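Only this structure's heavy atoms are used, side chains among them; waters, hydrogens and symmetry mates stay out. Quick caveat, the model's predicted, so the values are computed rather than measured.
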Amino acid sequence: PNSWRYRDYLIRAFNADVPYNQFVREHIAGDTLKRPRFDPVTGRNESVVGTGFFHLGEGKHSPVDILQEEHDVLDSMIDATSKTFMGVTITCARCHDHKFDPIPTRDYYRLITTFATTIRSEIDVDLNPEVTKAGLAKWQVVHDKLAAGLARWEKESLRERLVAWVK
């Protein structure tokens with residue numbers, strides 16, 4: 001449902017003429033950069049959106065073989081990364097070494113272990129510090145009203161239960 005965010009990220013990155021080395025960093029480790037790139041207009045963390053690249057591959061909602069599916073997802077990540085940033089196909093090394101391919105099976109599985117630590121998570125990329133503070137203040141007002149209402153209900157409900165129990 002959020003693939004449009006990645007598409008729009010690409011458009012903004014190309015329009016901003018983001019240097020290629022920064023672009024690659026954002027795709028591979030945009031969520032871990034010490035100095036992420038922020039949109040000057042919205043304050044949005046652009047770097048973290050680049051990592052969405054990894055999760056636009058194939059996947060099943062209810063696979064029969066879960067371990068096979070996990071490996072297929074990792075394979076897709078390696079395939080997209082190697083084709084995009086290295087200009088080579090690596091995934092054939094999943095099964096065998098090739099006479100002419102530069103990546104042996106041993107290195108393919110080293111990449112698998114690297115990508116296996118990837119944790120898919122949802123990050124609200126639209127929040128900058130000022131938006132976060134304003135949103136949190138609005139949330140706190142609503143939360144306080146709900147918490148007070150819940151406390152009153154619990155007190156009244158407990159009183160009714162206690163009275164009913166004593167009878």
For residues 13-22, dump all side-chain donor-acceptor pairs below 3.5 Å to protein atoms at least two apart in sequence or in another chain.
{"residue": "Asn15", "atom": "ND2", "partner": "Ile11", "partner atom": "O", "Å": "3.3"}
{"residue": "Gln22", "atom": "NE2", "partner": "Glu26", "partner atom": "OE2", "Å": "2.9"}

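Under the 3.5 Å distance criterion, the side-chain polar atoms of Asp31 are left unmatched by any main-chain donor or acceptor of Val48. The backbone N or O of Phe23 sits less than 3.5 Å from a side-chain atom of His27, completing a donor-acceptor pair. Listed for the Thr51 side chain is no donor-acceptor partner under 3.5 Å among the backbone atoms of Ala29. At least one donor-acceptor pair under 3.5 Å links the side chain of Ser82 to the backbone N or O of Val88. Under a 3.5 Å cut-off, the side chain of Tyr6 and the backbone N or O of Gly50 do not form any donor-acceptor pair. Side chain of Ser47 to main chain of Arg37: a donor-acceptor pair is present (N/O by atom type, distance under 3.5 Å, no hydrogens or angles). Remark: side-chain polar atoms of Thr81 are not paired, donor with acceptor, to backbone N or O of Ile78 under 3.5 angstrom.
The existence of a salt bridge linking Asp8 and Arg5 is excluded, since no basic side-chain nitrogen approaches an acidic carboxylate oxygen closer than 4.0 Å.
In this structure, the separation between CG on Asp39 and OH on Tyr9 is 12.0 Å, given to the nearest 0.5 Å. How far CZ of Phe38 is from CZ of Arg44: 12.0 Å, rounded to the nearest 0.5 Å. From Ile103, atom CD1 reaches atom OG1 of Thr91 across 11.5 Å, with rounding to the nearest 0.5 Å. Interatomic distance, OG of Ser76 versus CZ of Phe115, reported as 10.5 Å (0.5 Å rounding).
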